[in-house]
Chemist: 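Questions regarding the structure given below will be posed in turn.
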2 protein chains.
Amino acid sequence: MLDHDNRDDAATELGWQAQKSAATRNAILDSAISCIVEHGYRGATTTAIAQKAGLSRGAMLHHFPSKLDIVRGAVEHLHKKRLKAFRKAMTRSSEGGQDRVLLGVDAFFDHVRHPLFVAFLELSVAARTDPELAGILKPTAEAFEREWYQTAKEVFPEWQGRDEQFDIALDLSRYVMEGLAISSLTHRGGDRDRRVLRYLADKLHELRDA
Amino acid sequence: MLDHDNRDDAATELGWQAQKSAATRNAILDSAISCIVEHGYRGATTTAIAQKAGLSRGAMLHHFPSKLDIVRGAVEHLHKKRLKAFRKAMTRSSEGGQDRVLLGVDAFFDHVRHPLFVAFLELSVAARTDPELAGILKPTAEAFEREWYQTAKEVFPEWQGRDEQFDIALDLSRYVMEGLAISSLTHRGGDRDRRVLRYLADKLHELRDA
DNA sequence: ATTGAAACCGACAGCGCTGACTGTTACTTT
DNA sequence: AAAGTAACAGTCAGCGCTGTCGGTTTCAAT
């Protein structure tokens, strides 16, 4: 009765249906994020999401009864992926034993140029004029920020005891990076952007060694 | 034939109709910007714009045949208003003879917290996924940046001859400010933001006196 | 094998937005 | 005074998006 085909594989443990269900749910949420990146939040229609996910609208609305449910799931999904990517980039940058600050700056810069950040930006802007979305996004964004802060602290233990400088370094980096990211939406940043990043890295060194 | 009622008043010189036409055109463009701030770019429908401007949709479509025409006008309108506000704030800050850098930082910070900047941000983000809007916005944004740069140079003549430091100071300020502005869409910036601004002002002093 | 449920599809009605059209009033020209 | 033009209003059809509903196939349980 309960002995013949489970308990050996973490994947099949759930049974075929549940497994497939989880797979299509993931496909839908990935598609939703892609569509937000590609068409903007308001342009990410259920039709487009279903099409890119490879199923019919009816099927999709079986997994997520309404568009708001998709958004809820997508925001959560995005949060996890973004945090994971950030962790990976940061820990990898901490392994190359050279200039950890410089590597961190590069990793962070890649982070804000990544499509996942674009999706988050799109959601943030849309949430400003969409109370329902704001209600979904706000707690998740706050959680992200906390975990992001925690991760940064773990990756850079050499700032131990210099809390104030570290906070300033983090905030400064974040604002410069995000400002750079949105500005690069309209204008093509070339040498001047690189110069600012070099200056930023310089100041981060100062803050660490001060 | 050409002697009886013009040539005396700059306002009536245009005649009643042309004058009223210009007034309603302005009202429409103001309303468009307001609606973008209030409902986002995609939410700024012709219905909402006409209503807030105080006329019927039909009347509005007499002045601007299509929505794209409204957008064209609004972008231009926004550009002028933003530049004017920036100039005013900057020159005013340069008059108070105390710490010009600090006053400039404050003025700039006010600038990115102003609704006009929100409108511009909304347009920038929307333009990422809307080629038609991008075609309208891009040249105007580039012009704004050039004139903005020029104004800054005029207002702060004491940086004369320190071009590289000045460019870094400007870019740094801009990215920090804009990053701060978009971050404040989601999270409530309190003391930490003030601390970063103080740090920024500090570094600007360094750049000037280095 | 049969019953039940879950994944999936296609069609439908409702709604908001856009742009085109006709009609009305006020001003301008000769 | 009459003809012409500009400002304005209201209605209409077309289109895309959302959410609901009935129908079909595939898996799971007895």
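Letters go in sequence order (proteins before strands), and every chain restarts at 1. Quantities reported herein were computed from a predicted structural model and do not represent experimental measurements.
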Chemist: Over how many whole Å does the gap from A/L68 atom CG to D/dC17 atom P extend?
Modeler: 17 Å

Chemist: Between A/K81 and A/D30, does at least one N-O distance fall below 4.0 Å, as a salt bridge requires?
Modeler: yes

Chemist: Checking contacts here: which listed nucleotide (C/dG19, D/dA9, C/dT18) is nearest the side-chain heavy atoms of B/L61?
Modeler: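 Looking only at heavy atoms from C-beta outward on B/L61, the closest nucleotide is C/dG19.
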
Chemist: Parallel under 30°, tilted from 30 to 60°, perpendicular over 60°: which one fits the rings of A/Y175 and B/H187?
Modeler: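 Tilted.
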
Chemist: Quick one: is A/S21 getting a side-chain N or O under 4.0 Å of the C/dA6 phosphate, OP1 or OP2?
Modeler: no

Chemist: Between B/R194 and B/D191, does any side-chain N to carboxylate O distance fall below 4.0 Å?
Modeler: yes

Chemist: Tell me whether the side-chain N/O atoms of A/H62 come closer than 4.0 Å to OP1 or OP2 in C/dA7.
Modeler: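 Indeed, a polar side-chain atom of A/H62 lies that close.
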
Chemist: Side-chain N or O of B/H63 versus OP1/OP2 of D/dA6: is the shortest distance under 4.0 Å?
Modeler: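 Checking B/H63 against D/dA6: no side-chain N or O falls below 4.0 Å of OP1 or OP2.
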
Chemist: Separation of B/M60 atom CE from D/dA6 atom C1', in whole Å?
Modeler: 18 Å

Chemist: Could you state the CZ-C1' distance from A/F64 to C/dA7, rounded to the nearest angstrom?
Modeler: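 The distance from CZ of A/F64 to C1' of C/dA7 comes to 14 Å, rounded to the nearest Å.
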
Chemist: Without decimals, in angstroms, what is the distance between B/L55 CG and D/dA6 C1'?
Modeler: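 Checked: the CG to C1' distance equals 14 Å.
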
Chemist: Look at the side chain of A/A59 and decide which nucleotide, out of C/dC9, D/dT18, D/dA9, has an atom nearest to it.
Modeler: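 Taking heavy atoms from C-beta onward, the closest nucleotide is C/dC9.
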
Chemist: Between P on D/dG16 and CD1 on A/I49, what's the gap in Å once rounded to a whole number?
Modeler: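 Taking CD1 of A/I49 and P of D/dG16, I get 18 Å after rounding.
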
Chemist: Could you label the plane-to-plane angle of the A/W148 and A/F108 rings as parallel, tilted or perpendicular, counting under 30° as parallel and over 60° as perpendicular?
Modeler: tilted

Chemist: Could you report the tightest heavy-atom contact between A/F156 and A/G104, atom names first, then the distance?
Modeler: CZ-CA, 4.3 Å

Chemist: Please check the phosphate of C/dC8 (OP1 and OP2 only) for any side-chain N or O of A/S56 closer than 4.0 Å.
Modeler: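 For C/dC8, neither OP1 nor OP2 has a side-chain N or O of A/S56 closer than 4.0 Å.
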
Chemist: With DNA chain D as reference, determine whether A/R42 or A/G58 sits nearer its 5' end, using the nearest nucleotide of each.
Modeler: A/R42

Chemist: Just the rounded figure in Å: distance from P of C/dG10 to CD of A/Q51.
Modeler: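 Going from CD in A/Q51 over to P in C/dG10 covers 12 Å.
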
Chemist: Could you tell me whether the side chain of A/R57 has a donor or acceptor atom within less than 3.5 Å of a complementary atom in the base of D/dG19?
Modeler: yes

Chemist: Once you round it to whole Å, what is the distance between P of C/dA6 and CD of A/Q19?
Modeler: 17 Å

Chemist: Would you say a side-chain N or O of B/T46 is under 4.0 Å from OP1 or OP2 of C/dG19?
Modeler: no

Chemist: How long is the line joining NZ of A/K67 and C1' of C/dC15, in whole Å?
Modeler: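 Spelled out: NZ on A/K67 to C1' on C/dC15 is 15 Å.
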
